[in-house]
Structures are given as C-alpha cells and as structure tokens.
Protein chains: 2
Amino acid sequence: MEEKVNLVKEALSERYRRGDVLSDQCPAREVLKHISSRWGGLVLIALHEGDTFRFSELRRIIQGVSEKMLAQTLQVLEQDGLVLRTSFPVVPPHVEYSLTKLGSEAAVHVVGLANWIEENLSGILAGNKDSIEEAP
Amino acid sequence: MEEKVNLVKEALSERYRRGDVLSDQCPAREVLKHISSRWGGLVLIALHEGDTFRFSELRRIIQGVSEKMLAQTLQVLEQDGLVLRTSFPVVPPHVEYSLTKLGSEAAVHVVGLANWIEENLSGILAGNKDSIEEAP
DNA sequence: CTCCATACTTACCTTTTGGTATGTACTTAC
DNA sequence: GTAAGTACATACCAAAAGGTAAGTATGGAG
C-alpha cells in the first residue's frame, strides 16, 4: 500500500512544481478554501451572470446571505484578485462589483459544477435516502 | 435595479425547473455544500486519481485530514451517491472506496477547478497582497 | 500474553463560522 | 423631523465544524 501511495504521489509530481491542493502546506489549498467557502462560490456564480452588480443586488440574488458575510466574502475574493471592486465617491455610496480576468476563469469551473449539480439533482437526491425515508 | 435583478432571475428561469444553488430553499445548495466542504472536494480529487482506495490510503494522500473528518466526509458523499463503499468481512477490516458514475462526473469539475488554481497559483498570489506585504 | 493493524465511533473541548442587531455618514423623500 | 436607502463595520452571541484522544472488535505476530 505504501507503494500505491507513492505511485499516486509520483503521478502528481508535475503538480508539485506549481500548486497542490492535496498538500496541507500549499497555499493552493487556501485559495480553494476561499472559492469553496459557503458563500464564495455563490458570489462567483452570481457575478458570472452579469457584468457588474451592486452590493444590494448581490444580496438579493444570493438568497440567504447576510450583509456581514457578503462583505467578508467579497473582500477575500478581492484580495485573491478574483473580484474587482469599484467605488464611486457619491452619496449615497455607490459600489460596483465585477469579476477580474482571473475571476472569470475560476467562475467558469464553479458554474460548471453548479450546473452539473442542478441538472443531476434528482439523480443525486435519489441516491440520498435521507430525503425520502426517515427512521421513526 | 429591481429590473436588473428580475432580468437575472429571468435568465436563470430555466434553472428553477431543475435546481438552483442561488435559492436558499433548493436542495441543490446542500449538495454543493457537501462537495465544496473543507474535505469533500479533496476526497473527490483524491479518488479521481485512482480506481479504489482504502481508508488509510486516503488519510495519507489527503494531507491534514483527521480520521473523524475523513469518515464523516466519506459518509456524506456516500449518502449523496457520489462515493461507493465496499467492505470485505475479514479481519482486520478491509474497506475500499471509489467513485460512482455520478461521483466521477462531479469530480471532473472539482478537479478542473483545482487544476486551474494550481496552474494559476502564482498569479493569484500576486494579486493577494497579504502574502507579500504585511502592515507593521 | 501483549502489541499491532484496520476502520472506524464516541466524548470532550477549541476554533471557526455565521447570524442579529446596532451604528455611521449623508442625502432625498414625505 | 422622521424615515429610508446605500455600503458597509463592529460587537455580541449561537451554532457548526474540527481536532485530540481514547475506545471497539478481531486475529496474527512475537
């Protein structure tokens, strides 16, 4: 079994020179955490639907997100260079959010996953016994 | 602005008949949560590398995961019908994990995202100022 | 007879995450 | 003059996630 683990590591050797989400040291795992955080992926999906959005628009589209969490998530994604924040110095405040080039590329994969889930939802739910039967 | 939100909702109308991760009611969001949970995606990625894996192999490959979390994550993914668990009634116990057809399809998207992150890691890190400069 | 290995489970505790409520600054609408 | 809208920040608390350590069952190795 030790050999098999090594074989897999060997197959992943190319990955070690860039990033490796399977390694707990690698910053790639941090980035994956940001994108796959509770609201991170949904923000990318929402932004992928249009060009620019205001804070309050995003709040309405991403159902259930609180102001605090949306602000926090947007900041993290902005720091990763995935989201662009443009604020206009007017009152009341006007801020627009959009995806950067990097952000669009990442969003494509997240949207791909979300679409797959949405299309295969019934199949997945069928495999999930909890949703149809429950022990008394 | 209300019109814009409606326009987006209209553009997503097709999605409402299947699943919609942007809706907080829809079970699709739960499935997304499972897959994008801290260890869920990494399990899919690891399993995607080979045919079958034993519990202890997965623990070694997915660096940093605890026994408790790996067991829990595998159970959730099994309930969603993404992971297949095969146990052989021998002693010491022998259990093999692999992806189902559904699981393979989901894994493709997760692997795609992970690969993108790994390939673009330096670019992302460059946009992330926290990793190079720190306020004193 | 004791130790080791496998694949877990369980109890206990800490850390992280997330929600609610409130405050801010300013202007327009009523 | 009071409320509403905008884009947040902040404090406080509850819930969830996660780690550690120990226990379980069983048989073989020493």
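Nothing here was measured: the structure is a model prediction, and the numbers come from that model. Order of the sequence lines sets the chain letters (A, B, ...), proteins ahead of strands, with each chain counted from 1.
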Could you check A:I61, A:V110, A:N115 and say which one makes a side-chain contact (heavy atoms from CB on, under 4.5 Å) with A:I45? A:V110
Among B:L113, B:V21, B:V31, B:L32, find the one that has a side-chain contact (heavy atoms from CB on, under 4.5 Å) with A:L113. B:L32
Does A:E96 reach a base, just sugar-phosphate, or nothing at all? Heavy atoms under 4.0 Å. nothing
Remember a base hit wins even if backbone is also touched, and classify A:Y97 as base, sugar-phosphate or nothing at under 4.0 Å, heavy atoms. sugar-phosphate
Treating Ile, Leu, Val, Met, Phe, Trp and Tyr as nodes and any side-chain heavy-atom pair under 4.5 angstrom as an edge, say whether A:V43 and B:W116 lie in one connected cluster. yes
Between [X] and [N], is there a contact of a side-chain N or O with OP1 or OP2 at under 4.0 Å?
X: B:Q75; N: C:dC8; value: no
X: A:S56; N: D:dA7; value: yes
X: A:R54; N: D:dA7; value: yes
X: A:Q72; N: D:dA9; value: no

Residue mapping more 5' on DNA chain C - nearest nucleotide basis, A:S66 or A:V91: A:S66
Of the listed nucleotides [options], the one nearest the side chain of [X]:
X: B:K33; options: D:dA17, D:dT6, D:dG18; result: D:dA17
X: B:R85; options: C:dC8, D:dA9, C:dC26; result: C:dC8
X: A:V95; options: C:dT6, D:dC8, C:dG19; result: D:dC8
X: B:E67; options: C:dG18, D:dT6, D:dA22; result: D:dA22
X: A:P93; options: D:dG19, D:dT6, D:dA17; result: D:dT6
X: A:M69; options: C:dG18, D:dG19, C:dA7; result: C:dG18

Nearest heavy atom decides the nucleotide; on that basis, is A:K68 or A:A71 closer to the 5' end of DNA chain D? A:A71
Pairing partner (Watson-Crick or G-U wobble, both distances under 3.5 angstrom) of D:dA7: C:dT24
Distance check needed: [N] [atom2] versus [X] [atom1], whole Å only.
X: A:F53; N: D:dT6; atom1: CZ; atom2: C1'; answer: 18 Å
X: A:W39; N: C:dT17; atom1: CH2; atom2: C1'; answer: 12 Å
X: B:Q63; N: D:dG18; atom1: CD; atom2: C1'; answer: 18 Å

Output yes when A:E67 and A:R59 qualify as a salt bridge under the 4.0 Å nitrogen-oxygen rule, no when they do not. yes
